[in-house]
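Below is one structure, written out as structure tokens; the observations come after it.
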Amino acid sequence: MATMKSLIGLINKIQRACTVLGDHGGEGMSLWEALPTVAVVGGQSSGKSSVLESVVGRDFLPRGSGIVTRRPLVLQLHKTDEGTTEYAEFLHAPRKKFTDFARLGLMNILLFPAAVRKEIEDETDRITGKSKQISNKPIQLSIYSPNVVNLTLIDLPGLTKVAVEGQPDSIVQDIENMVRSYVEKPNCIILAISPANQDIATSDAIKLAREVDPTGERTFGVATKLDIMDKGTDCLDVLEGRSYRLQHPWVGIVNRSQADINKRVDMIAARRKEREYFETSPEYGHLASRMGSEYLAKLLSQHLETVIRQKIPSIVALINKSIDEINAELDRIGRPIAVDSGAQLYTILELCRAFDRVFKEHLDGGFSKVPTVHLETVIRQKIPSIVALINKSIDEINAELDRIGRPIAVDSGAQLYTILELCRAFDRVFKEHLDGGRPGGDRIYGVFDHQLPAALKKLPFDRHLSTRNVQKVVSEADGYQPHLIAPEQGYRRLIDGSISYFKGPAEATVDAVHFVLKELVRKSISETEELKRFPTLASDIAAAANEALERFRDESRKTVLRLVDMESSYLTVEFFRKLHLEPEKEKPNQRNAPPPPNADIHSDNHFRKIGSNVSAYINMVCDTLRISLPKAVVYCQVREAKRSLLNFFYAQVGRKEKEKLGAMLDEDPQLMERRGTLAKRLELYKQARDDIDAAAWKYVGRSKLQSIAAHAKHTHDNSYALQDVLLPQAAPGMLTTNHNA
Ligand SMILES: Nc1nc2c(ncn2[C@@H]2O[C@H](COP(=O)(O)OP(=O)(O)OP(=O)(O)O)[C@@H](O)[C@H]2O)c(=O)[nH]1
């Protein structure tokens, strides 16, 4: 018995979760729609509030003329143990308990504080404004009391035929649509309230109920105001199911009249009066045991119980489906990141490394693409153990410091440094495991193989070493005294002048490689799956990487210019010695011939000879530089990029405060919000599933559940197991209406 009660309590819990999740039904198949509810429907002043209060046993609903109920009120009744204090609680103000029940004089009237009524009114206005507009967002009120049954009721705005002052004409239709949106759902049990002093056939409630539930299987007909029917008329045709037949028996009710309310006749007295009315009534006496608010409450909870029992498997299936969907979406958009600074630091370093890896793959050339999504999953699985390792290390350090005494210098910075060291150690191991490749690095070779030789070829040595320029340079170097044998100074100047031309291609090579590296940084950032979530960190890393590349470029530029300068600073002596010997080899017959007359040193031939000697030397230097410049560039830029692109950044990160680390892990706010919502939903769904499991567990006991679990081993659908568990044991009437009042 207790189990069925707990099942109904369970449904209440799930309904609360629905409201928290913003699930009011309406969008496709929702959890809300799978749950049974009881909606009170009727025309204005038909007695809805009175019936609802009767079932609950409390006065609490706002009263007034016109449309009082402008938002659906979801009323959850929770039966508590005998002797416990009653209280009411709104979902929108969960910490505020309404316990201050007034005891009025000798009549011992128990009233919900007017505050409950006021809160319903205020909360209505909060959403709809004071404009008498309506809203379909429900207000949720829970009542905990030993004097109620476990039941969820929804009070809906009264159906009306005309708009009142200050309301748009559309309100009539709006209300009908809203009410219909609740009662048309197959899980909605309709409490159709019709005043007996009007023609039941024209009752708004019955009209709507007939429309949405033609077979009448989920409609309970309630006839109110039996006591004020015209003299000589009665409602027997209706109550005995002759004039309008429903699957469930009609229940007649006698609520408090307006005069009773004005006289403050309390609920207990009203119940007694109602009982007496039926017991002593000449018309309805034979039906007395099946009339009245108490009987209605009992009937309702029995029916609810049956419905819930049937619904459990589909609810479980729906919850499981939702959990799977949310998990799939979380896998796609990434799970929420940790908030403690250790875990944040770890995540930042993790992302740096992921970027670093992609970058290196570009440098090292084309292997197949690393499946980074899978990688992310693997990494994320590792995070807890790494964080645990870090925490353990911190504990160990702290423990050791406690033992050997705590030097003043050891502050949180030093601990952070330790964390960074641990991360780097992991980084190294991680790198050893992962060394793939991507295209892009080959473009650096392209610079060395094409761009550099082409630039060297284009240098204007023809002009610089033309006979005329050679003569000009040599003459200027000679000064007033023309050289006698060989123009030593002239050679130097011509060679220095030529060599300085190499600076251009050398710097251009440095820049070209710089731009290839920069492009690879950009590409790697965009290809690093893990970084996609963290635009701020991605741009931080890009900026840090580019900054590092600038530094490498400066260093590289200095180095290549130095290489060129070195060629000027010391010439290859052997080259010129050989040069000196060559003509003699070529002309062995003239070996002993006298040197040409001095006048020769001013001839074109002489300068042409000098030009071609310098040209030959420069060609040799050019060959050397073509080989040595790429080495310098790779040494200073490419190798450094591979080795220490983010070193500086790591150090910076290590110095950051917790808040700054958090800021670096900033994400797209929409995505963060989405993830937060999903996580919350997931939590609630899982809670609901656990609750259900627990309820099923209690119901059949461990051994039965286990044997069913063993039986259903091959199905992943919990609902089958639950169905097996619940249905064979179903027995009606387990829910008792314990109205002591
Ligand atoms: N004599 C008598 N009066 C009743 C009965 N039921 C309701 N009333 C009176 O009818 C009036 C309207 O009842 P409510 O319970 O406020 O009706 P409602 O459908 O909630 O009305 P709205 O909130 O305006 O839509 C009140 O004055 C009640 O006292 C009944 O069974 N007998």
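Whatever order the structure lists ligands and atoms in, that order sets their numbers, starting from 1.
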Mark up the atoms of ligand 1 that fall under 4.0 Å of a heavy atom belonging to [X], in ascending order.
X    : result
S45  : 12 (C), 17 (O), 18 (P), 19 (O), 21 (O), 22 (P), 24 (O), 25 (O)
S50  : 7 (C), 13 (O), 14 (P), 15 (O)
V254 : 31 (O)
G43  : 19 (O)

- Query: Are any of the N or O atoms of S46 closer than 3.5 Å to those of ligand 1?
  - Reply: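 So ligand 1 has an N or O lying under 3.5 Å from an N or O of S46.
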- Short N/O distance, under 3.5 Å, between L226 and ligand 1? no
- Name the orientation class of the two ring planes belonging to Y244 and W250 (parallel below 30°, tilted from 30 to 60°, perpendicular beyond 60°).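 Rings of Y244 and W250: perpendicular, over 60°.
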- Query: Would the number of heavy atoms belonging to other residues, nucleotides or ligands and lying under 6.0 Å from CZ of R245 be above 12?
  - Reply: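 No, the 6.0 Å shell around CZ holds no more than 12 heavy atoms from other groups.
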- Tell me, please, which residues at least two apart from S243 pass side chain to side chain donor-acceptor pair (under 3.5 Å). none
- Does E240 have any side chain to side chain contact (heavy atoms under 4.5 Å, CB included) partners at least two apart in sequence or in another chain, and if so, which?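 With sequence neighbours excluded, E240 shows a side chain to side chain contact (heavy atoms under 4.5 Å, CB included) to L236, R242, H286, L287, given in chain and number order.
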- Query: Between K273 and E276, does at least one N-O distance fall below 4.0 Å, as a salt bridge requires?
  - Reply: no
- Item | E279/R275 salt bridge by N-O under 4.0 Å criterion | no
- Closest non-hydrogen atom pair between F278 and I253, with its separation: CZ-N, 4.0 Å
- Task: Say whether A196 and ligand 1 are in contact under the criterion: heavy-atom distance to a ligand atom below 4.0 Å.
- Result: no
- G42 touching ligand 1 at heavy-atom level, < 4.0 angstrom: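 No; G42 lies far enough from ligand 1 that no heavy-atom distance drops under 4.0 Å.
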- Message: With rounding to the nearest 0.5 angstrom, report the CG to CG distance, L226 to L239.
- Response: 6.0 Å
Please work out which of [options] has its closest non-hydrogen atom nearest to [atom].
atom                    : options              : result
atom 26 (C) of ligand 1 : Q258, Q44, K48, M229 : Q258
atom 2 (C) of ligand 1  : D227, N197, I193     : D227
atom 11 (C) of ligand 1 : E274, K225, R256     : K225

